[in-house]
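Notes for the one structure printed next.
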There are 2 protein chains.
Amino acid sequence: MKFGPETIIEGDCLEALAGLPDKSVDLVFADPPYNLQLGGDLLRPDNSKVDAVDDHWDQFASFEAYDSFTRAWLKECRRVLKDDGTIWVIGSYHNIFRVGVAVQDLGFWILNDVIWRKSNPMPNFKGTRFTNAHETLIWAAKSRGGKRYTFNYDAMKMANDELQMRSDWTLPLCTGEERIKTAEGLKAHPTQKPEALLHRVILAASKPGDVVLDPFFGVGTTGAAAKRLGRHFIGIEREADYAALARQRIAAVIPAAPGELDVMGSKRAEPRIPFGQIVEAGLLRPGDKLYCPKGERVARVRADGSLVLGELSGSIHKVGAMAQAAPACNGWTYWHFRTDRGLAPIDELRAKVRAGLG
Amino acid sequence: MKFGPETIIEGDCLEALAGLPDKSVDLVFADPPYNLQLGGDLLRPDNSKVDAVDDHWDQFASFEAYDSFTRAWLKECRRVLKDDGTIWVIGSYHNIFRVGVAVQDLGFWILNDVIWRKSNPMPNFKGTRFTNAHETLIWAAKSRGGKRYTFNYDAMKMANDELQMRSDWTLPLCTGEERIKTAEGLKAHPTQKPEALLHRVILAASKPGDVVLDPFFGVGTTGAAAKRLGRHFIGIEREADYAALARQRIAAVIPAAPGELDVMGSKRAEPRIPFGQIVEAGLLRPGDKLYCPKGERVARVRADGSLVLGELSGSIHKVGAMAQAAPACNGWTYWHFRTDRGLAPIDELRAKVRAGLG
DNA sequence: TATTCAACTGAATCGAAGT
DNA sequence: GACTTCGATTCAGTTGAAT
């Protein structure tokens, strides 16, 4: 079976998953039923009625029934996930603990639990609990110590004002224009997620061209965000009404131009430059002095790109490590050369070579 | 067996719990082992070593072993909890899902999951995940639809600047002076919780004089916060060193004076004032007009404290509900009387009576 | 005295490619 | 699979000394 870049499968989640080949998707995002178990009607202080999630698809006979359904779809997701793929599942305290245990028991390796802090949650009208102001996402790799998963660390850091992205994300609910409406103008889906949430998930854990699978597609937020970000997607949805609205919605999405999809790349991915190449390029000469950050240790450059410091000699990394009696050292940031404006890390010289200025 | 207001039991958690009588504690706070499953040493970018949690008490052979331990102590906690008591358990993604499922399976009814957002978490040094910047607390009642549990809603609201307290709490780690040290000046416990966290938990979910049980007492943060807030406590701790430090620490705690323990009371707990009493007190007279919030509906007061609006008559609540065609109505906030400064809710008159000004 | 800076640290499932 | 090599990677808060 072959799937195009935009695939919506209308049908039962388990049956549709069974039709997907092993190790064929890069990222799974799942927003399963929460099994809410609500009581009677809830009225606001002004007597208006809260539009509760009472849909048939959220009804389960027992915790056992919910667990067995959860394990079934998670197991299939794990099968279709590539070895370097990851899965995200969102939930609330009603179901997320059961989901988390299933994730662990099936052999996934949890990477983070991420908190979606709602900036505008519904208050607790009765004053009986804390305002339920967040939902929880579980992010997991296919297995412990498996292949390296995709995590666009630097893109996330950039998106968070140059600070590491934390495990708590503050985002508003999906409201207003973004909320998909029926022909009658009513909200089409009771639990539509904000596209900003999916944007961050997809940006963090996939690359352009990757395949994103959403087994509970609803009105297609995952598809819309994936298309916008230049990813392919497969969405599975049982309710024909939701699927139709999703198709219509996604058709209107304009994907970002390829150039706009570039994100901050990891330094690990940049081409490797041996230190010797800095000497070959004439940016440093044999005999030149290199200094540690504070300047009290001095090493000399040799023609082959090795350093000498007293009795010690070896690569910039090894000599740096030995000089500090440390187990390891990044020589590029440890060693400095003398400039007009004081000491500067030799990493600046590497940047010149990479830029073709060497 | 009789326990004083400050009890520390040195010994195995399960054995000690077995010695406590049924339905004898009002609140349980539990900070169990997290079962971290860390890998090798972790070095910071400056090559210093992270002081990891590698204590023997955090080691479990398998998820099954952890689950069985978790269910055992949770079951005992449920037995010793009063019917109107609640339990709090704190954990991270390593264990909290397993704890949550055990809580649900044992018949507890989850009220909230609360996120402790750390303002100063340890970064992710390797750039491989999101900064793990939070922990999760589960708050649960003994059973669904059981006796009304203690929740000091108004005290929480007051503590949160007149806004409902949300399910995410931003608090710093336990550091500096607060961190308990050994005689050698080292940190005594690897995972000491901030007292501010316990302060909020105890203030939210117990009353002065209540008994708070902590089955994993450690260096006694729960005891210190409980004593400060005028609650009794029972702490269970296996490690003699921790217990000794806890005793010493708690001995130095000065409890708040009884008057300082008064918190914002619930309106529900205030003495009930029948509307007729407002008329009796002369704050309104028979025949006076009452208005709905926007003023377009007018009712008249009768001598017995009933209202008349056209064909309708009855209590302030019933007439208010019928006037709006609503199932219910709080007449105290719905009906307004005319004052120099415009319309004001009749709840202001009730406040006057309560204050003895009627 | 006010301000600056270096050093230290906290429940962490913490690398990847080549030989 | 074990081992080696290269080299990438940190934020908020506190403490205490130096300026």
Donor-acceptor pair between [X] and [Y] side chains, under 3.5 angstrom:
| X | Y | result |
| --- | --- | --- |
| B/H56 | B/E239 | yes |
| A/T86 | A/K142 | no |
| A/D113 | B/H134 | yes |
| B/R129 | A/S167 | no |
| B/T131 | A/Q164 | yes |
| B/H94 | B/S92 | yes |
| B/N95 | B/Y66 | yes |

Please confirm whether [X] makes a cation-pi placement over [Y], using NZ or CZ under 6.0 Å from the six-membered ring centre and within 45° of the ring normal.
| X | Y | result |
| --- | --- | --- |
| A/R117 | A/W169 | no |
| B/R238 | B/W57 | no |
| A/R338 | A/Y291 | yes |
| B/K118 | B/W116 | yes |

For a quick check of understanding: with a heavy-atom distance under 4.0 Å over all strands, which category does [X] fall into, base, sugar-phosphate or nothing?
| X | value |
| --- | --- |
| A/I110 | base |
| B/P32 | base |
| A/G331 | nothing |
| A/D113 | nothing |

> In what stems does DNA chain D take part, counting only runs of at least 3 consecutive Watson-Crick or G-U pairs whose two distances fall under 3.5 Å?
Replying inline: C:2-10 with D:11-19, C:15-19 with D:2-6
>> Expected output is a numbered-order residue list: members of residues 133-145 of chain A with a heavy atom under 4.0 Å from any atom of DNA chain D. What is it?
In response: none
Expressed in angstrom and rounded to an integer, what is the separation of [X] atom [atom1] from [N] atom [atom2]?
| X | N | atom1 | atom2 | result |
| --- | --- | --- | --- | --- |
| A/W332 | D/dA8 | CH2 | C1' | 13 Å |
| B/L38 | C/dG10 | CG | C1' | 13 Å |
| A/I346 | D/dA8 | CD1 | P | 11 Å |
| B/K49 | C/dA12 | NZ | C1' | 13 Å |
| B/Y34 | C/dA12 | OH | C1' | 13 Å |
| B/D55 | C/dA12 | CG | P | 12 Å |
| B/I180 | C/dG10 | CD1 | P | 14 Å |
| A/M322 | D/dC6 | CE | P | 12 Å |

> Going by the angle between their ring planes, with limits at 30° and 60°, are A/W88 and A/W139 parallel, tilted or perpendicular?
Replying inline: parallel
> Does the base of C/dA11 carry an N or O that pairs as donor and acceptor with the side chain of B/K118 under 3.5 Å?
Replying inline: no
Give me, pair by pair, the N or O atoms of the protein and of nucleotides 9-16 of chain D that are less than 3.5 Å apart, along with how far apart they are.
from, atom 1, to, atom 2, distance (Å)
D/dT9, O4', B/F125, O, 3.4
D/dT9, O3', A/Y153, OH, 3.3
D/dT9, O2, B/F125, O, 3.3
D/dT10, OP1, A/Y153, OH, 2.5
D/dT10, OP1, A/K157, NZ, 2.7
D/dC11, OP1, A/Q164, N, 3.0
D/dC11, O2, B/P121, O, 3.1
D/dA12, O3', B/S119, O, 3.4

For residues 274-290 of chain A, which side-chain N or O atoms pair as donor and acceptor with protein atoms under 3.5 Å away, sequence neighbours left out?
from, atom 1, to, atom 2, distance (Å)
A/D288, OD2, A/R285, N, 2.9

> Counting side-chain heavy atoms from CB outward, which of C/dG10, D/dA8, D/dG7 is closest to A/R350?
Replying inline: D/dA8
>> To the nearest 0.5 Å, what is the distance between NZ on A/K318 and OG on A/S306?
In response: 11.5 Å
>> Just to verify, what does B/R98 make a salt bridge (charged side-chain N to carboxylate O under 4.0 Å, His left out) with, not counting sequence neighbours?
In response: A/D105, B/D67
> How far, in whole Å, is D/dG7 from C/dC14 if one measures between their C1' atoms?
Replying inline: 15 Å
> When rounded to the nearest Å, what value does the distance between P atoms of C/dA11 and D/dT9 take?
Replying inline: 25 Å
Protein and nucleotides 17-19 of chain C: nitrogen or oxygen contacts under 3.5 angstrom:
none

>> Please determine whether a side-chain nitrogen or oxygen atom of B/R179 lies at a distance below 4.0 Å from atom OP1 or OP2 of C/dG10.
In response: no
>> Below the 4.0 Å mark, does D/dC6 have OP1 or OP2 next to a side-chain nitrogen or oxygen of A/H317?
In response: no
